[in-house]
Structures are given as C-alpha cells and as structure tokens.
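By convention in this document, chain letters (A, B, ...) are assigned in the order of the sequence lines, proteins followed by strands, and residues within each chain are numbered from 1. What you see is a predicted model; the values in this text were computed from it and never measured.
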Number of protein chains: 2
Amino acid sequence: MGTIKDIAQKAEVSISTVSLVLNNKGYVGEETRKKVQQAIQDMNYKPSRSARKLATGKTGNIGFIIWEGHFYDVEMFYSQIFLGMEYAARKTDSYVILTTVKEEFDPKKEVPRFLKYNDVDGVALAGRVPHTLVEYLDRQRIPIVLIDYAIPGKNYNCIQIDNYHGAYQAVDHLAKTGKKRIGFVGGTYFHPSIKERYRGYRDALEANNLIGNGMPEEYTFVENVETSPLIGEKGISVLLDRNTDLDAVFCCNDPTAMGAMKEIQKRKIKIPDEIAIVGFDDIPTSGFCMPRLTTVSVPKLALGKEAFNLLNEVIDQPSEPPQVRTIGTFLVKRESA
Amino acid sequence: MGTIKDIAQKAEVSISTVSLVLNNKGYVGEETRKKVQQAIQDMNYKPSRSARKLATGKTGNIGFIIWEGHFYDVEMFYSQIFLGMEYAARKTDSYVILTTVKEEFDPKKEVPRFLKYNDVDGVALAGRVPHTLVEYLDRQRIPIVLIDYAIPGKNYNCIQIDNYHGAYQAVDHLAKTGKKRIGFVGGTYFHPSIKERYRGYRDALEANNLIGNGMPEEYTFVENVETSPLIGEKGISVLLDRNTDLDAVFCCNDPTAMGAMKEIQKRKIKIPDEIAIVGFDDIPTSGFCMPRLTTVSVPKLALGKEAFNLLNEVIDQPSEPPQVRTIGTFLVKRESA
DNA sequence: ATTTTATATTAAAACGTTTTTAGAAATCAT
DNA sequence: ATGATTTCTAAAAACGTTTTAATATAAAAT
C-alpha cells in the first residue's frame with residue numbers, strides 16, 4: 001500500500017513535508033506541494049488511520065446509541081436518523097458506530113463497549129434513552145448530543161423536531177376540514193416530544209375555538225407506556241366509547257395511528273368521513289396502509305445530519321454552552337384526513 | 001487514562017510482560033501475572049485501540065454493506081441482521097461499520113469510504129448487492145461473506161436462509177388446510193432466494209398432487225423488479241383476473257404479501273376464507289396488519305451473528321475454501337392462512 | 001555432568017503518523 | 001547592508017502498542 005515514507009522518497013522531500021501537505025498545514029512551497037500531490041496520486045496512497053489516530057489522540061469514531069426496543073419496532077424512524085448521520089460522516093474522516101442499550105442503565109454493571117474502551121470522540125443519542133446513561137456521559141465529559149429527546153431541567157446539546165408546530169398544523173388541518181370534536185391519543189407522556197405535541201394540539205384547538213364541552217380533557221387519551229399500535233387501538237377505543245360525537249383524532253405518532261386505524265376499521269367506521277385521523281413521523285408504512293395516512297413528516301435524514309455536525313462542533317469546542325437546534329416539519333396530506 | 005507503561009511501572013515488570021498478559025501469550029509466571037492483572041484493575045487500564053491496531057496491522061473493523069433502498073423500505077429486515085452482527089461483535093474487539101451503496105457500482109467512480117481507506121478487515125454484504133462490487137472486493141482480496149444472497153456461478157462465503165424448505169412448508173400448510181389453487185407472486189426472479197422459494201412452492205404443489213390444469217404456470221406472477229407492496233398488488237390483480245378459482249397465494253416476501261392483502265381487501269374478498277395468504281420473512285408489520293399475516297419466519301439476528309462469525313473465521317484463515325451455511329426457517333401461523 | 005528443552009523476563013525494534021523544534025533561504029523594513 | 005520577518009524544509013521526538021530477539025534460570029533428557 002505504501003507509507004508516508006515512500007511518498008517522501010518518491011517526491012524527494014521529508015516525511016514532515018508530506019504530512020504538511022496531507023493536512024494543509026504550515027508553509028509548503030507551491031512546486032513542492034505539487035510534487036507531493038503527484039506522488040500521492042501515483043502511488044494511490046492512503047494514510048494509515050491507526051497511525052494517524054495514535055498520533056492525534058482522537059479516535060475518529062462517533063457513537064450512536066438508541067434503545068434496543070427500537071430495533072424491533074415496526075418503524076424505521078431511527079434507522080433513517082442513523083443513515084442521515086452516516087451521510088454527514090462521509091464528508092469527514094469519522095465513522096459512526098451504533099450500539100443499543102437496554103431500558104435501564106447502570107454504569108456499574110455494563111457500559112457500551114465503545115465507551116468502556118474509549119473508542120469514540122463523542123456520542124449521539126436518539127429517542128428515549130436512560131437518564132442515567134446521559135448523566136454518566138456528562139460526568140465522563142464525553143461530548144453528547146440528544147436527538148429528538150431532552151431531559152427536563154437539564155441543558156444538553158440537542159436536535160429537536162418542531163413538535164409543537166407540527167402538531168399544531170396537523171390539528172389545524174383537521175379543524176379547517178370541518179372537524180369539531182378532535183381527540184388526542186398518546187403514550188409516554190413524560191417524553192418531552194409528546195408533551196410538545198399535546199401543547200400544539202391544544203393550542204390549535206383553542207385557535208379554532210374548539211375548547212369547551214369537555215374538550216380537550218374528555219377527548220384525550222394518554223397512557224404512560226411506550227407508544228405502539230396497541231396503545232393506538234386502546235386509546236381510540238376508550239375515546240370512541242366515551243364520546244359518541246368524536247369526529248377526528250390526532251395520534252402522537254404513526255405507529256399509534258396505525259393501531260387506531262385498525263380499531264376504527266374493525267368497528268366499521270369510515271375514514272376519513274366519520275373519523276379523520278392524522279399521525280406524526282411519516283414512517284414508510286404510512287404511505288402503504290389503507291387509507292394512506294395523513295401525517296406530519298419529519299426530515300429524518302436532516303435530523304441525523306444536523307446531529308452529526310453539531311456533535312463535531314462540540315467535539316472541537318468542548319467549552320461552548322449547550323445548543324438546541326430545531327428541525328422543521330411539514331404536513332403530508334393523504335387520504336386519512 | 002494510563003498507558004501500558006504505567007501498568008508496567010506499577011507492577012514492577014517490563015512493558016513486554018504487560019503486553020503478554022494482556023494478550024494471553026507466551027510464558028508468564030503465575031505471581032507476575034497476578035501482579036499485572038491487579039495493576040490493570042487498580043488503574044482501570046484499557047489499551048489504546050489505535051496503538052494496538054497500528055502494531056498489529058489489523059483495523060479491528062468489519063464493514064456491512066447493503067443497498068441504500070433497503071433503508072427506505074417498509075421492512076426492518078436488514079436492520080435486524082445488522083443488529084445480529086453487532087451482538088456478535090460485542091464478544092470480540094471489532095466494530096461493525098455500516099454503509100449503503102447505490103444500485104450500480106463502478107469502482108472507478110466511487111467506492112465505499114471504508115474500502116477506499118482500507119479501514120476494514122473484511123465485509124459482509126446483505127441482500128441484493130451489485131455484482132461489480134462483489135467482484136471488486138474479491139479482486140482486492142478483501143474477505144467477504146454474502147448474507148441471503150449468492151451470485152450464480154460464483155463461489156463465495158455465504159449465509160443462506162433455507163428458502164426452499166421455508167417455502168415448501170408454507171405452501172404445504174396451505175394445501176393441508178384444503179386450498180387447491182395456490183398462486184405465487186414474486187419479484188426479481190434472478191435473485192437466487194426468490195428462485196429457491198419458487199422451487200419450494202413448486203415441489204410442495206407436486207407433493208400434494210396439485211400440479212396440472214395450468215398449475216403452476218398460470219398461477220405464477222413474477223416480474224423482474226425489486227419486490228414491494230406494489231408488486232404484490234399488481235401480482236394478485238393479474239392472478240385474480242386470470243384465475244377465478246384461485247383460493248390461496250404464496251407471496252415471495254412480506255412486503256409483497258402486504259400489497260396483495262391490500263388489493264384483496266379492496267376487492268372485498270375475504271381472507272383467509274376465500275383467499276388465504278402467506279408471506280415470507282416475518283417482518284414486524286406482519287404481526288400488526290389485519291388480519292395478521294401467516295408467514296415464514298427468518299431468524300434475522302442469527303443470520304447476522306453467523307455472518308459475523310464466519311467472516312471472522314475467513315479473516316483468520318483467508319486460504320480456506322468458500323463456505324455456505326444455511327439457517328433454518330419456521331412457519332408462523334396467524335390469521336391470514 | 002552435560003546438553004536440551006521449557007519457562008520466564010526484558011530490551012529494543014517496528015508500526016505510520018503528527019507535531020515540535022530548529023535552521024536555512026527569501027523577503028522586507030530600516 | 002543590516003537586522004527582523006516571513007516562508008520553506010527537515011530532523012527528531014512522541015503517540016502506545018506488539019513482536020522479535022536476547023538472556024537467564026529451571027527442569028528434563030542424555
């Protein structure tokens with residue numbers, strides 16, 4: 001493969017000079033630079049990663065942590081975020097290495113391999129993730145950025161979805177199409193994103209003068225478990241049984257909406273005429289179900305890219321104060337609403 | 001963090017000795033070993049990956065390549081294989097780094113980053129992947145293993161799903177429940193897995209004396225494009241229009257089955273009474289659709305684990321002849337058949 | 001009793017970079 | 001023309017391991 005030494009020899013310069021042109025540093029004469037670049041080209045030379053990393057002290061890896069359960073979900077949400085990070089990584093010389101964690105995290109029992117062996121320069125965490133893990137990372141002074149998650153009362157770097165406006169838009173759309181009694185179905189209420197979506201829901205109701213007569217209290221179903229199609233089924237059941245005048249429902253995410261849709265169809269209720277439904281996330285399934293789901297689309301790739309970039313900035317400037325960046329959403333109108 | 005030098009100092013031995021106990025190599029006296037291990041414990045020492053890799057010449061990474069399109073699929077099939085690899089990797093000191101490739105691959109234009117910079121010791125490729133890429137890897141003498149794919153006429157290390165028996169079981173189940181006119185819907189016929197599934201389908205028909213009267217020719221829909229729900233819709237449409245006596249269909253995978261299901265329901269045909277349907281893969285969605293899909297389950301984690309292990313063997317013993325390992329499947333009986 | 005062989009330890013070389021330091025040559029200001 | 005900068009290049013140290021070769025002792029075989 002050839003080493004930096006071979007290049008130096010071929011270009012008739014010192015190793016140091018080769019290194020300088022390689023890294024665009026210091027002063028290098030124009031013709032010397034050309035000679036070196038030519039040699040690099042000719043020999044198809046690629047610097048050794050390990051050697052480089054050993055010399056610089058960086059690992060060149062960044063870690064990506066998600067809850068294991070998301071790998072068994074119906075949704076591809078987190079995979080796409082991961083892909084976004086990978087795309088961003090391609091413009092750098094870092095690799096993204098992924099690992100999953102269990103619901104609970106105890107640093108005394110087990111920490112992810114790449115943390116244990118100091119093999120990452122920083123880590124991105126997506127979705128709901130154990131607080132103890134985030135605190136552990138913070139304590140170890142490992143640069144982190146949270147994706148689509150935040151820990152109440154704590155201030156970390158994070159990439160947020162614009163949950164509030166997304167939900168607002170969705171519910172506003174329902175109202176504008178004439179729906180009056182709009183329900184809300186959600187899970188894990190303590191998840192900040194869900195809270196924001198509820199806020200958007202409420203404010204959109206208010207803006208459309210739909211508050212009152214039990215709205216939204218009686219039309220809200222929230223249970224403190226991981227969101228899933230099952231929660232959707234259960235939620236819509238409760239709402240339908242409680243409010244005979246329900247004519248639309250905003251589900252806190254697409255899997256929940258899928259479940260709700262299933263239950264609604266089971267009861268032979270027509271979508272969207274009798275009950276309109278809108279979700280949140282725009283996972284691939286939403287485009288294939290029947291009827292296709294109207295939903296708030298989240299630019300997942302952008303989420304990953306931004307996370308990667310922010311993380312890199314944090315790694316370079318560790319002392320900067322935590323940043324929050326918000327990624328916009330947009331409503332995808334399909335047949336369910 | 002402490003280096004090997006600090007350990008040597010603390011344990012009052014040489015650096016070499018520390019290295020020997022670290023790697024369980026050579027001769028080391030019992031008490032010396034204890035002293036060293038104690039020091040390692042006390043200082044919570046972790047060897048530097050870069051230094052180690054530089055010295056050994058290995059990268060400690062293995063690459064995982066899939067077609068980019070699979071990240072936009074409805075299915076989590078490949079994500080789970082990836083997770084299986086990650087699980088296996090945890091028992092070693094290797095990391096799995098993932099990248100995607102486009103449908104076409106031209107080494108002159110662009111090669112995956114980790115190949116370009118020699119940052120992996122070997123690579124696993126899952127699903128349909130450009131032939132030119134596989135040949136490129138082979139030419140570069142990079143150890144590879146294919147997962148759920150094979151290139152006709154070529155002999156590579158690979159982990160296969162038992163497509164034949166899986167399909168056979170599925171179709172046999174349909175026959176045993178009294179179905180007589182069983183269709184087949186598939187895509188990308190040149191994909192070896194699909195071919196095998198078709199073979200299993202045919203043989204099961206034969207074993208149940210269902211060949212004849214246009215079976216299976218008239219009851220087969222195959223189109224040479226990537227499998228998808230759309231292919232399922234189209235396939236079942238053609239079959240239904242052509243054969244009024246169709247009473248069951250075996251779809252070459254779950255996404256296809258999803259599409260078929262949608263179309264069948266659109267035509268107000270009852271599943272499974274009028275038309276029974278069975279898929280292949282057991283992706284998460286299959287458990288949530290309505291009715292839930294009977295399908296052939298593929299142990300995806302096992303697939304990934306085996307791939308990782310085989311790849312590691314190949315890396316250690318590059319001159320061994322190519323191996324094929326087959327992972328069994330099992331039928332998950334749900335409501336669609 | 002002497003040679004082999006097995007066990008135990010270490011010094012030193014090697015892995016391929018980046019970075020620091022130093023020195024020379026060219027340019028500039030006086 | 002002299003000294004001060006700026007531009008250019010190279011030698012050498014540093015990064016933290018593994019591996020090879022060397023040396024020393026203990027045990028076994030002749």
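Interatomic distance, Leu303(B) CG to Thr329(B) OG1, rounded to the nearest 0.5 Å: 11.0 Å. Expressed to the nearest 0.5 Å, how far CG of Leu98(B) lies from CE of Met85(B) amounts to 9.5 Å.
For Asp121(B), the side-chain hydrogen bond (donor to acceptor under 3.5 Å, both in side chains) partners at least two apart in sequence or on another chain are Thr59(B). Scanning for salt bridge (Lys or Arg N to Asp or Glu O under 4.0 Å) contacts around Lys300(A) gives an empty result, with sequence neighbours left out. Annotation: side-chain hydrogen bond (donor to acceptor under 3.5 Å, both in side chains) contacts of Asp119(A) (sequence neighbours excluded): Tyr95(B). In terms of the side-chain hydrogen bond (donor to acceptor under 3.5 Å, both in side chains) criterion, Asn157(B) has no residue partners (sequence neighbours excluded).
Within a 6.0 Å sphere centred on NZ of Lys46(B), other residues, nucleotides and ligands contribute more than 12 heavy atoms.
Without hydrogens or angle criteria, Arg113(A) side chain to Ser94(B) main chain gives a donor-acceptor distance under 3.5 Å. For Thr132(A) (side chain) and Phe105(A) (main-chain N/O), a donor-acceptor pair under 3.5 Å exists by modelled atom type.
By the 4.5 Å heavy-atom criterion applied to side chains, Ile7(B) and Met43(B) are counted as neighbours.
Evaluated for a side-chain contact (heavy atoms from CB on, under 4.5 Å) with Ile159(A), the options Ile81(A), Asn309(A), Leu310(A) yield exactly one hit, Leu310(A).
Lys25(B) has a side-chain polar atom (N or O) that falls below the 4.0 Å cut-off from OP1 or OP2 of dT19(D).
Following rounding to the nearest Å, Asn24(B) (CG) and dT19(D) (C1') show an atom-to-atom distance of 16 Å.
Evaluation of the salt bridge (Lys or Arg N to Asp or Glu O under 4.0 Å) test over residues 125-136 of chain B, restricted to residues two or more places apart or in two chains, returns Glu103(B)-Arg128(B), Arg128(B)-Glu226(B).
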Sequence neighbours left out, cut at 3.5 Å: what donor-acceptor pairs do the side chains of residues 142-153 of chain B make with other protein atoms?
from      : atom 1 : to        : atom 2 : distance (Å)
Asp148(B) : OD1    : Ser193(B) : OG     : 2.9
Tyr149(B) : OH     : His131(B) : NE2    : 3.1

Return a table of donor-acceptor pairs under 3.5 angstrom between the side chains of residues 311-324 of chain B and protein atoms on other chains or two or more places apart.
from      : atom 1 : to        : atom 2 : distance (Å)
Glu313(B) : OE1    : Arg325(B) : NH2    : 2.8
Glu313(B) : OE2    : Arg325(B) : NH2    : 3.4
Gln323(B) : OE1    : Arg325(B) : NE     : 3.0
Gln323(B) : OE1    : Arg325(B) : NH2    : 3.0

With the criterion being N/O to N/O and under 3.5 Å, what pairs connect the protein with nucleotides 3-7 of chain D, and how long is each?
from   : atom 1 : to       : atom 2 : distance (Å)
dT7(D) : OP2    : Tyr27(A) : OH     : 2.7

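Sorted by residue number, the members of residues 43-62 of chain B with any non-hydrogen atom under 4.0 Å from DNA chain C read Leu54(B), Ala55(B). If you check residues 11-20 of chain A against DNA chain C, the residues with a heavy atom closer than 4.0 Å are Ile15(A), Ser16(A), Ser19(A), listed by number.
In this model, a donor atom of one side chain and an acceptor atom of the other lie less than 3.5 Å apart for Arg90(A) and Thr99(B).
Direction of the helix axis in the helix from dA1(C)-dT30(D) to dT30(C)-dA1(D) shifts by 40° between the two five-pair termini, rounded to 10°.
Reading DNA chain C from its 5' end, the first and the last nucleotide to sit under 4.0 Å from a heavy atom of chain A are dG16(C) to dT19(C).
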